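Scroll down for the structure; my scribbles are underneath it.
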Number of protein chains: 2
Amino acid sequence: MGSVRRYDSGVDVDVTREQARLDWETGTIFRPIRTGNAFEETVERLLQAIKLGVFGPGDRLPAERDLAARLGVSRETLREALRTLQQADCVAPRRGRYGGTFVTYRMPEPDVADLRRAARDLGGALEDALTYRQVLEVGAAEAAARRPLSPEQRAHLEDRLTELDAAPAEQYRQLDSRFHLAIGELTGSPSLAAAIAEARMRLNDLLNAIPMLDRNIEHAAEQHRAMVRAILDGDGDAARRATEEHLAATASLLRGFLA
Amino acid sequence: MGSVRRYDSGVDVDVTREQARLDWETGTIFRPIRTGNAFEETVERLLQAIKLGVFGPGDRLPAERDLAARLGVSRETLREALRTLQQADCVAPRRGRYGGTFVTYRMPEPDVADLRRAARDLGGALEDALTYRQVLEVGAAEAAARRPLSPEQRAHLEDRLTELDAAPAEQYRQLDSRFHLAIGELTGSPSLAAAIAEARMRLNDLLNAIPMLDRNIEHAAEQHRAMVRAILDGDGDAARRATEEHLAATASLLRGFLA
DNA sequence: CGTCAATGGTCTGAAGTCGGACCATTGGGT
DNA sequence: ACCCAATGGTCCGACTTCAGACCATTGACG
């Protein structure tokens with residue numbers, strides 16, 4: 001300790017502490033540029049779009065050429081991904097005009113064993129994802145509330161809530177995702193909406209595996225209403241508090257099943 | 001309006017509204033998988049590591065083999081990126097043992113003309129980035145405050161503040177970045193820290209181009225102290241408020257120069 | 001004064017990815 | 001009954017990226 005070196009900047013620094021700082025920061029800034037190859041990431045995205053409920057069973061995905069362009073990937077790579085999903089019985093292609101790629105995926109029944117396995121796979125990334133999601137969604141709710149919303153936007157949010165309240169049990173998770181995603185989109189910040197979608201994707205397998213009890217659903221519904229009310233009222237503080245409470249409840253429910 | 005169709009799910013939906021929802025959500029979920037090729041992203045990362053001040057003038061970057069592994073990129077791609085930076089006089093390689101790639105980049109003088117140009121280049125992405133940053137950093141400060149911190153972590157945070165207070169004008173921006181990044185790292189969530197780094201990178205050229213007046217620096221220093229105090233005290237609400245205030249001040253300073 | 005280990009510099013063959021052209025199929029429209 | 005536009009299916013040549021091996025250089029250390 002206390003070893004000191006003079007740099008060409010003319011500033012004396014403690015070499016040991018400086019090294020510790022560097023080790024720490026390089027890990028953050030020099031993280032991997034790409035998590036996998038284009039093909040794998042494409043599969044992941046498509047699967048998550050389906051699991052998040054953006055496309056339900058029977059829905060048609062955008063045409064290959066269009067989808068490839070949206071994903072910024074060549075059509076061939078996209079097709080390879082679609083072929084994989086097809087073999088996993090998630091989608092089925094239909095040729096000809098008015099054809100397309102149609103979703104055949106059905107949500108599996110929630111299963112606590114699945115949940116534990118999924119949590120083990122995530123490992124330390126679980127706490128990371130929960131913190132990440134908390135910060136993003138709480139912040140988004142507040143940001144959405146503090147923003148002037150168009151009548152269309154207000155209607156859209158209420159639609160999501162109504163849809164969710166009327167959801168049959170097997171669609172609940174997907175419509176819940178739609179609702180939370182909608183709040184992210186209301187912030188008007190594409191980056192924020194994308195980050196929320198990503199965070200939710202990471203937790204999605206876990207959330208999907210939680211058995212939904214009527215009592216939990218009712219509780220969640222109340223919290224959802226509080227969030228919507230606060231956002232439509234433009235009350236940022238209330239929106240933040242309501243979202244905080246809702247996410248804390250979900251997180252502790254999750255931890256409960258893992259304990 | 002009111003056109004209704006029955007899907008195989010047996011649920012009647014308003015086709016017009018359903019289409020609007022799809023258009024909206026597909027934009028979020030089917031955003032591009034990769035923003036550019038590996039080479040471009042590598043250049044960007046390196047440049048940002050330097051501009052954010054993780055590596056100052058004269059510092060040595062990690063060895064090529066090591067750096068390539070950290071970035072998840074082949075050594076050849078990394079070298080191509082380094083060659084580009086070399087041609088831009090940002091780094092210089094030195095061969096032999098104890099050699100390496102050394103940073104030669106010097107911060108340009110702040111210039112309002114640069115700032116306006118950079119803002120124009122960003123376009124609508126500016127508001128996006130500001131919102132994104134606000135949510136992330138405010139949330140991170142609160143999360144860090146609500147978390148038990150080790151003595152090393154507390155010392156690290158205080159080091160960053162001390163370092164920043166003692167900063168010569170030409171290093172101020174870089175040390176400011178280090179300080180804000182440190183808060184993200186204190187949350188213990190790598191995803192959150194990475195997102196903060198990314199958000200800051202997007203605004204970096206803008207922030208760097210703001211002429212720093214003594215009055216602003218003093219004001220910022222006060223806010224920084226309040227943030228640190230709140231985080232070390234474990235006072236989440238205070239941390240959030242202090243960060244909110246600080247970022248609002250920076251944002252309005254920025255908008256002022258753009259107006 | 002030589003050794004040698006760590007570093008940047010160079011090359012190659014394989015695999016991944018891309019853009020684009022062209023084919024095959026289908027069902028609504030004329 | 002035919003046409004044709006939109007869709008999935010197939011293929012190819014060019015470019016990018018990769019993994020790994022090998023070379024060249026340097027300076028601290030014995």
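Everything quoted here is computed from the prediction, not taken from an experiment. Order of the sequence lines sets the chain letters (A, B, ...), proteins ahead of strands, with each chain counted from 1.
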Nearest whole Å is fine: how far is [N] [atom2] from [X] [atom1]?
X	N	atom1	atom2	answer
A:Leu67	D:dT7	CG	P	12 Å
A:Leu78	C:dG20	CG	P	16 Å
A:Arg34	D:dA19	CZ	P	12 Å
B:Arg79	D:dT16	CZ	P	18 Å
A:Arg94	C:dT26	CZ	P	12 Å
B:Glu76	C:dT10	CD	P	11 Å
A:Glu80	D:dT10	CD	C1'	14 Å
A:Leu61	D:dG8	CG	P	9 Å

Fill in: Comparing A:Asn37 and A:Arg75 on DNA chain C - which has the more 5′ nearest nucleotide
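On the 5' side of the pair lies A:Asn37.
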Practice prompt. Could you pick out which residue, A:Ala38 or A:Tyr98, lies toward the 5' side of DNA chain C when each is mapped onto its nearest nucleotide?
Written response: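 Its nearest nucleotide being more 5', the pick is A:Ala38.
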Test for a donor-acceptor pair under 3.5 Å between the base of [N] and the side chain of [X], counting only N and O atoms.
X	N	value
A:Arg95	C:dG27	no
B:Arg65	C:dG8	yes
B:Arg97	D:dA28	no

Does [X] make a side-chain N or O approach to OP1 or OP2 of [N] shorter than 4.0 Å?
X	N	value
A:Thr101	D:dG8	yes
B:Arg83	C:dG8	no
A:Thr77	C:dC18	yes
B:Ser74	D:dT17	no

Practice prompt. Could you go through the side-chain hydrogen bond (donor to acceptor under 3.5 Å, both in side chains) check for A:Arg60 and A:Thr101 one step at a time?
Written response: CA-CA 6 Å; A:Arg60 201 193 76 170; A:Thr101 307; over 6 Å; no
Practice prompt. Output the single nucleotide from C:dG8, D:dG8, C:dT17 whose closest atom is nearest the side chain of A:Phe39.
Written response: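 The answer is C:dT17, which lies nearest to the side chain.
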Worksheet item: How far does OG1 of B:Thr28 sit from CD1 of A:Ile196, to the nearest 0.5 angstrom?
Response: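 The CD1 atom of A:Ile196 is 9.5 Å from OG1 of B:Thr28, to the nearest 0.5 Å.
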Fill in: B:Gln87 side, atom CD; B:Leu82 side, atom CG - distance, nearest 0.5 Å
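Between atom CD of B:Gln87 and atom CG of B:Leu82 there are 11.5 Å.
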Practice prompt. With A:Arg94 as the cation and A:Phe102 as the aromatic partner, state whether NZ or CZ is under 6.0 Å from the six-membered ring centre and within 45° of the axis.
Written response: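 Checked: cation-pi criterion met.
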Fill in: Residue pair B:Arg178 / B:Leu175, side-chain heavy-atom distance below 4.5 Å
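Of all side-chain heavy-atom pairs linking B:Leu175 with B:Arg178, at least one is under 4.5 Å.
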